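What follows is a short report on a single structure.
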Number of protein chains: 2
Amino acid sequence: MSLNDLDERIVHALAEDARRTYADIGAEVGLSAPAVKRRVDRLRERGAITGFTVRVDPSALGWQTEGFIEMYCRSRTSPEDIHRALSHYPEVAAASTVTGEADALVQVFAADMRHFEAVLERIAGEPFVERTKSVLVLSPLLRRYTAGPPL
Amino acid sequence: MSLNDLDERIVHALAEDARRTYADIGAEVGLSAPAVKRRVDRLRERGAITGFTVRVDPSALGWQTEGFIEMYCRSRTSPEDIHRALSHYPEVAAASTVTGEADALVQVFAADMRHFEAVLERIAGEPFVERTKSVLVLSPLLRRYTAGPPL
DNA sequence: TATGAAAACTCTCAATC
DNA sequence: GATTGAGAGTTTTCATA
């Protein structure tokens with residue numbers, strides 16, 4: 001699926017500020033407010049837009065420790081097993097199965113190092129996990145919040 | 001800084017749907033609409049909420065290849081240098097300096113493998129980059145879009 | 001299939017208590 | 001923090017291309 005230029009500009013506008021008014025976005029892209037709304041509705045139906053969310057500054061909330069955990073799993077561990085286990089961790093922000101030596105890469109936010117360590121130990125203790133390897137984030141340099149392609 | 005329970009529930013509601021009305025959120029948390037708005041305004045002022053954005057399904061937009069690139073940089077490369085270079089890449093979704101062998105970890109979204117490879121080569125060609133190591137995402141298992149702590 | 005204009009409805013937000 | 005009310009935004013309808 002590919003969006004046309006108009007859709008792309010609408011999504012771009014929403015990516016910058018999801019609470020902008022349809023009339024405002026319409027003025028930018030050259031459509032009326034109803035026309036913008038209809039396109040947004042259609043993008044949601046098609047699954048291109050999956051929702052609207054708030055951008056939160058983790059450190060402002062007191063969550064100052066971020067890291068990535070590589071999971072090395074027992075053979076015949078399915079992606080579903082990993083998903084099922086990780087979805088229970090509120091500290092897990094993202095997880096993917098990956099190529100390379102590790103089986104999955106998990107992004108974790110924690111309040112502090114103690115908390116991070118506790119999460120790491122719980123994950124390492126999951127029955128299908130053989131070992132883990134983790135790196136801590138020193139400085140978050142860049143974060144584009146659309147969690148997707150450039151718009 | 002720590003949010004009180006009410007703030008937390010408001011942020012949680014916005015994380016699920018940033019276009020919900022204040023009255024709607026208020027009904028859930030037990031406040032009037034203006035009271036919710038005042039709290040949201042205050043959270044924005046404090047920097048706990050940095051904005052609102054749209055959740056986009058990368059694959060629905062035709063960006064089907066995701067990967068992480070570890071950057072190994074020349075000594076005396078500053079985080080600012082890395083940030084400056086990477087901010088020009090629309091394909092870079094996130095980047096952080098990290099502990100461990102690599103200096104930085106970069107998340108990249110690309111249309112396809114060809115595109116990913118091109119981005120990788122451009123990054124590897126940056127003057128301060130000595131070498132790179134990359135892994136490709138097989139299945140995105142979990143993605144919480146608040147890019148922050150659990151709410 | 002997509003648009004714009006208009007009407008009806010809903011929400012926002014500053015003032016006030 | 002709640003209530004109020006005017007202004008703003010949303011959403012449906014309808015006519016059009």
Side-chain angles (χ1 to χ4, degrees), chain A residues 1-57 60-62 144-151, chain B residues 1-64 111 145-151:
Chain A
M1 182 202 306
S2 172
L3 304 188
N4 68 29
D5 187 53
L6 231 35
D7 288 330
E8 212 165 288
R9 289 163 69 195
I10 290 170
V11 173
H12 182 72
L14 287 170
E16 282 179 353
D17 180 5
R19 286 186 79 102
R20 274 182 78 180
T21 68
Y22 293 134
D24 202 25
I25 295 168
E28 189 175 304
V29 305
L31 285 178
S32 65
V36 173
K37 181 194 184 299
R38 278 191 293 259
R39 279 174 180 269
V40 171
D41 288 344
R42 189 152 33 85
L43 289 167
R44 297 193 71 162
E45 278 167 22
R46 281 198 274 163
I49 289 177
T50 59
F52 300 95
T53 193
V54 63
R55 291 200 291 245
V56 175
D57 178 1
L61 295 173
R144 298 209 176 97
Y145 289 87
T146 42
L151 297 168
Chain B
M1 181 202 306
S2 172
L3 303 188
N4 68 29
D5 187 53
L6 231 36
D7 287 330
E8 212 165 289
R9 289 164 67 195
I10 290 170
V11 174
H12 182 71
L14 286 171
E16 284 181 349
D17 180 4
R19 285 187 78 102
R20 275 182 77 178
T21 68
Y22 294 133
D24 202 24
I25 296 168
E28 187 176 306
V29 305
L31 287 177
S32 66
V36 174
K37 181 193 184 296
R38 276 195 297 266
R39 280 174 179 266
V40 171
D41 287 345
R42 212 174 322 128
L43 288 167
R44 297 194 72 162
E45 278 166 24
R46 282 198 273 164
I49 288 177
T50 59
F52 300 95
T53 194
V54 62
R55 290 199 291 245
V56 175
D57 178 359
S59 65
L61 294 173
W63 291 72
Q64 305 190 330
Y145 290 85
T146 43
L151 297 168

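Naming convention: chains lettered A, B, ... in sequence-line order (proteins, then strands); numbering from 1 in each chain. What you are looking at is a predicted structure, and each value in this text was computed from that prediction instead of being measured.
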I want to check something: taking the side chain as every heavy atom from C-beta on, are A/Ile10 and A/Tyr22 in contact at a cut-off of under 4.5 Å?
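No, too far: nothing below the 4.5 Å cut-off.
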
Could you state the interatomic distance from [atom1] ([X]) to [atom2] ([Y]), rounded to the nearest 0.5 Å?
X	Y	atom1	atom2	result
B/Arg42	B/Glu45	CZ	CD	8.5 Å
A/Thr53	B/Phe52	OG1	CZ	9.5 Å
B/Glu8	B/Leu43	CD	CG	10.5 Å
A/Ile25	A/Glu16	CD1	CD	10.0 Å

Does the pair B/Asp7/B/Arg46 count as a salt bridge with the N-to-O cut at 4.0 Å?
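Looking at B/Asp7 and B/Arg46, the cut-off is met.
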
Side chain to side chain contact (heavy atoms under 4.5 Å, CB included) against B/Ala23, all qualifying residues, sequence neighbours excluded
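B/Thr21, B/Ala33.
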
Under the side chain to side chain contact (heavy atoms under 4.5 Å, CB included) test, residues paired with B/Arg9 that sit two or more places apart
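Partners of B/Arg9 by the side chain to side chain contact (heavy atoms under 4.5 Å, CB included) criterion, ordered by chain and then number, come out as B/Asp5, B/Leu6, B/Val29.
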
So does B/Arg39 get a side-chain nitrogen or oxygen closer than 4.0 Å to the phosphate oxygens (OP1/OP2) of D/dG1?
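Yes.
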
Generate the contact string for nucleotides 4-9 of chain C. Rules: B means base contact, S means sugar-phosphate contact only, - means no protein heavy atom under 4.0 Å.
BBB---

For the helix from C/dT1-D/dA17 to C/dC17-D/dG1, what is the angle between the axes at its two ends, each from 5 pairs, rounded to 10°?
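What I find for the helix from C/dT1-D/dA17 to C/dC17-D/dG1 is an axis angle of 30°.
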
Salt bridge (charged side-chain N to carboxylate O under 4.0 Å, His left out) partners for A/Asp41, two or more places apart:
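A/Asp41: salt bridge (charged side-chain N to carboxylate O under 4.0 Å, His left out) contacts with A/Lys37.
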
Which whole-number value in Å describes the distance from [X] [atom1] to [N] [atom2]?
X	N	atom1	atom2	result
A/Phe52	D/dT10	CZ	C1'	13 Å
A/Arg44	D/dT10	CZ	C1'	14 Å
A/Leu14	D/dG9	CG	P	15 Å
B/Asp41	C/dT12	CG	P	11 Å

Nearest atoms (heavy-atom pairs only) where B/Arg20 meets B/Ala13
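Looks like NH1-CB, 3.8 Å.
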
Near DNA chain D, under 4.0 Å by heavy atom, which residues of residues 19-28 of chain B?
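Going residue by residue through residues 19-28 of chain B, the ones with a heavy atom under 4.0 Å of DNA chain D turn out to be B/Arg19.
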
Is there a side-chain contact (heavy atoms from CB on, under 4.5 Å) between B/Ile49 and B/Val11 once you walk through the steps?
CA-CA 8 Å; B/Ile49 288 177; B/Val11 174; 4.3 Å; yes

